[in-house]
Undergrad: 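What follows is a structure written as structure tokens; I'll ask about it next.
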Amino acid sequence: VQLQASGGGSVQPGGSLRLSCAASGIIFSLFNMHWYRQAPGNQRERVATITSSSSTMYADSVKGRFTVSRDTAKNTVYLQMNSLKPEDTAVYYCAAMYLKTYWGQGTLVTVSS
């Protein structure tokens, strides 16, 4: 099983980034997919979820700014992040959950002027 996250980088406040997480070795359509983030000194927090039936849920801190989506044909989940704020700076991880949990390696997002 491999979850390959990509798309992180540095952006100014108000900017946008799109993260991708490509999954292999799992039956992607069965899995609920999640995006978590962890800022230095903080606990890992769940940012967004998209279920196997494509229902979505968001942390209050990102509602209205982030959008999670999935492409089953590409075994990929996305996180579109708009109106980024300095407090969004963190390492972002994708996770696949269905009976077991698998984690990606993380991608760093830095929001700074």
Undergrad: Side-chain contact test, heavy atoms from C-beta onward, threshold under 4.5 Å: evaluate it for Asn82 versus Phe66 and give yes or no.
TA: no
Undergrad: Is the shortest heavy-atom distance from the side chain of Arg37 to the side chain of Ser61 under 4.5 Å?
TA: yes
Undergrad: State whether a side-chain donor-acceptor pair under 3.5 Å links Ser112 with Thr110.
TA: no
Undergrad: About how many Å separate CZ of Arg70 and CD1 of Ile50, when rounded to the nearest 0.5 Å?
TA: 6.0 Å
Undergrad: Less than 6.0 angstrom from the centroid, inside 45 degrees of the normal: does Arg44 satisfy that with respect to the ring of Tyr93?
TA: yes
Undergrad: Between Asp88 and Lys85, is there a salt bridge with N-O shorter than 4.0 Å?
TA: no
Undergrad: Please work out whether the ring planes of Tyr102 and Phe31 are parallel, tilted or perpendicular, with thresholds of 30° and 60°.
TA: tilted
Undergrad: Please name all residues satisfying side chain to side chain donor-acceptor pair (under 3.5 Å) with Asn42, sequence neighbours left out, ordered by chain then number.
TA: none
Undergrad: Quick one: are the ring centres of Trp103 and Tyr36 less than 6.0 Å apart?
TA: yes
Undergrad: Quick check on Glu87: does its CD atom have over 12 non-hydrogen neighbours (other residues, nucleotides or ligands) under 6.0 Å away?
TA: yes
Undergrad: Does Ser16 reach the side chain of Gln80, with side-chain heavy atoms less than 4.5 Å apart?
TA: yes
Undergrad: Side chains of Val68 and Val77: does their closest heavy-atom pair fall under 4.5 Å?
TA: yes
Undergrad: Is a donor from one side chain sitting under 3.5 angstrom from an acceptor on the other, for Thr51 and Asn32?
TA: no
Undergrad: Does Tyr98, at its OH atom, have more than 12 non-hydrogen atoms belonging to other residues, nucleotides or ligands within less than 6.0 Å?
TA: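 Counting other residues, nucleotides and ligands, OH of Tyr98 stays at 12 neighbours or fewer.
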